[in-house]
Amino acid sequence: MAEFNRIAGEREMPYMKLDPRTKMVMVICLSSLALIYNTPDRLLLVLAATVGLLLIFRFDPSAIWGYLKPFLSLMLILFVIQCVFTRGGEVLLAVGPVPLITSKGLSIGAGVVLRIVVITAAAMLFTTFSSRDFILGLVQWRVPYELAFMVSIALRFLPVFRDEFINVITAVQLRGVELKKVSWGQKISMYRRLFFPVVYGAMLKAQQLAVAMEARGFRAYPRRTYLRRLNLSSADYVLMLFFTAATLMLIGINFTT
Amino acid sequence: MSFLKLSQVTFFYPRKLKPALTGLNLGLEKDEITAIVGPNGSGKTTLTKLMIGVLQPAEGEIQLEGRPIAGYSLAEIGRRIGYVFQNPDLQLFCSSVAEEVGFGLTNQGCEPATVEEKVDFYLDYFELAAYRNAFPLHLSQGEKQRLAIAAVLANEPEFLILDEPTIGLDAYRKKLLEDYLKKVARLGRGMLLISHDAPFVNRMAERVVTIENGRIQSDSGRKGNAVYEA
């Protein structure tokens with residue numbers, strides 16, 4: 001992750017050296033729009049804007065695929081559930097008199113998948129600055145250090161959790177289980193069985209991390225000092241204002257139309 | 001024909017300019033015990049991950065029983081090669097110790113009675129019977145290591161790759177592991193050991209390959225007959 005941050009930083013042009021807080025505002029705005037919009041056409045527009053931003057920050061959008069790949073089955077399940085259980089609109093597929101897929105179900109299903117893609121893509125902006133700058137940015141926004149540190153650790157744990165899941169899937173296959181050939185029922189039952197140990201394993205790691213932090217004097221003193229200060233430039237103010245205003249306006253339009 | 005054959009294998013990690021492995025040629029037989037030694041970061045673990053198809057070479061080819069490894073699924077490789085990770089935490093994923101040992105057998109369609117019998121045997125042999133229902137990640141490092149080895153051995157693969165198998169084991173358990181591996185070798189199954197434990201390597205390996213900076217520096221050849229020296 002650090003290596004990636006370093007490379008991402010190196011690729012950033014001088015005019016794009018924005019304050020991490022500006023990028024945080026961008027992520028919040030894009031994610032809020034993704035949560036509020038529920039039609040595929042609008043979500044596609046938000047996705048296009050997110051990909052555009054990633055390209056501006058010299059982030060290869062194809063890397064998003066790598067982050068989404070382990071969750072494809074989950075996304076497919078969500079898509080199918082939404083398609084089948086959401087009623088309304090034109091009936092596209094029916095089994096006898098029972099409508100199976102409706103246009104509304106299809107639209108909601110596509111919306112759910114697009115929402116996950118947009119939020120994942122927007123979160124990639126977090127990888128264009130270091131976790132230290134992230135904490136510093138939040139602390140300068142008067143967020144308590146402990147809380148800022150926890151958020152930063154949580155963000156760091158997401159790729160760890162993803163890697164953990166990939167490792168488990170690899171280990172399962174190396175024990176001779178042909179995951180691609182087993183039926184969906186068996187696959188779901190296996191994932192269900194693996195879910196608890198993986199989550200519990202991640203919790204154990206978090207517990208060990210907490211002990212390691214305490215052992216190194218975390219919260220030993222009530223006051224903290226910082227070597228560096230982040231300074232917002234005029235470009236940062238303009239962009240923050242623009243993104244916040246545009247998001248509020250789009251949300252307003254969404255609720256009035 | 002070698003069981004595993006690497007021809008001119010080069011591998012780069014993403015965003016790294018220097019290759020982790022360069023132009024490696026190596027053949028491993030099914031009936032020999034080979035050890036790979038070398039300093040930290042020399043590419044030993046990377047090499048084993050290429051051998052089991054978890055990583056793909058940038059150049060060159062790896063063949064398993066005469067067929068390119070890219071043509072096998074991970075499960076097909078896993079049924080032929082048992083792989084014990086350097087960090088056992090990465091390969092323990094079940095809710096109990098017994099389930100962990102029987103996982104592969106159960107999912108390959110073995111009869112429940114056979115699974116039970118084998119699980120009992122391996123839990124007894126590796127002295128894990130007392131932890132039968134324990135959560136694997138709650139075990140100590142040495143116990144986790146023994147469990148990871150037991151879970152792989154229970155599948156009875158044709159070839160074993162053990163990455164630092166003696167880490168966390170006391171002298172007595174190391175001896176138990178050695179005895180078992182020798183027994184496995186006598187049944188005609190080969191193995192590849194990655195280890196910094198020199199006495200263990202000396203006692204176990206018939207052939208020692210030294211890797212440094214992603215290249216083979218020396219290969220003692222079978223039964224210690226020097227066949228290659230870089």
Side-chain angles (χ1 to χ4, degrees), chain A residues 1-11 58-60 62-63 65-67 70 127 159-183 185-187 189-209, chain B residues 13-17 48-49 51-55 72-97 99-110 134-139 141 144 148 150-158 160-161:
Chain A
M1 189 72 179
E3 173 67 12
F4 178 70
N5 283 340
R6 187 182 63 76
I7 287 162
E10 275 171 7
R11 286 182 304 177
R58 298 283 192 271
F59 184 93
D60 179 10
S62 63
W65 172 245
Y67 285 86
T127 64
V160 172
F161 195 70
R162 183 198 63 151
D163 292 346
E164 194 99 332
F165 192 71
I166 293 172
N167 281 332
V168 166
I169 296 299
T170 305
V172 166
Q173 291 179 91
L174 284 175
R175 297 259 189 102
V177 180
E178 200 75 70
L179 274 181
K180 282 181 186 156
K181 287 184 185 160
V182 298
S183 68
Q186 283 173 298
K187 216 180 264 187
S189 132
M190 190 173 293
Y191 284 139
R192 193 172 47 79
R193 270 172 50 205
L194 297 176
F195 183 75
F196 169 72
V198 172
V199 172
Y200 189 65
M203 280 167 64
L204 278 180
K205 280 200 181 77
Q207 211 173 24
Q208 286 159 3
L209 182 74
Chain B
Y13 276 105
R15 296 186 287 273
K16 297 274 184 192
L17 297 173
T48 60
K49 285 184 178 172
M51 286 175 179
I52 55 161
V54 170
L55 298 176
Y72 289 88
S73 68
L74 271 183
E76 285 171 329
I77 298 168
R79 283 196 284 268
R80 289 170 174 80
I81 304 174
Y83 185 76
V84 177
F85 288 57
Q86 193 173 23
N87 177 1
D89 286 17
L90 299 180
Q91 68 183 106
L92 303 176
F93 48 78
C94 292
S95 306
S96 74
V97 166
E99 195 190 334
E100 196 72 63
V101 177
F103 181 87
L105 298 167
T106 307
N107 285 287
Q108 284 172 48
C110 283
F135 183 60
L137 296 180
H138 279 170
L139 301 180
Q141 195 60 26
K144 280 193 264 192
V152 166
L153 289 176
N155 277 4
E156 296 180 353
E158 298 162 50
L160 284 166
I161 297 179

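In the text below, chain A, chain B and the rest are named by the order of the sequence lines, each starting its count at 1. Computed from a predicted model, the values in this text were never measured in an experiment.
Looking at Q108(B), only its side chain comes within 4.5 Å of chain A, counting heavy atoms on both sides. In this structure, the portions of V177(A) lying under 4.5 Å from any heavy atom of chain B include both its backbone and its side chain. Proximity to chain A (any heavy atom under 4.5 Å) is restricted, for E99(B), to the side chain, taken from C-beta onward. Interface remark: A154(B) contributes no atoms to any contact with chain A (heavy atom separation under 4.5 Å).
Listed options L179(A), V168(A), V172(A) were ranked by heavy-atom pairs under 4.5 angstrom with chain B; first place goes to V172(A). Interface remark: of the candidates I52(B), L90(B), L92(B), D89(B), L90(B) forms the most heavy-atom pairs closer than 4.5 Å to chain A. Of the residues considered (F135(B), F85(B), F93(B)), F93(B) shows the highest number of contacts with chain A, using heavy-atom pairs under 4.5 Å.
No donor-acceptor distance shorter than 3.5 angstrom exists from the side chain of N155(B) to the backbone of P157(B), with no hydrogens or angles considered.
Shown here for V152(B) and Q91(B), the closest heavy-atom pair between the two residues is CG2-NE2, 3.5 Å. P136(B) approaches C94(B) most closely through the heavy-atom pair CD-O, 3.3 Å.
Counted within 6.0 Å of CZ on F195(A), heavy atoms from surrounding residues, nucleotides or ligands total 12 or fewer; the atom is thus considered open.
For residues 166-177 of chain A, the set of pairs meeting the side-chain hydrogen bond (donor to acceptor under 3.5 Å, both in side chains) definition, not counting sequence neighbours, comprises R175(A)-E100(B).
At a threshold of 4.5 Å between non-hydrogen side-chain atoms, the residues V54(B) and I77(B) do not count as touching.
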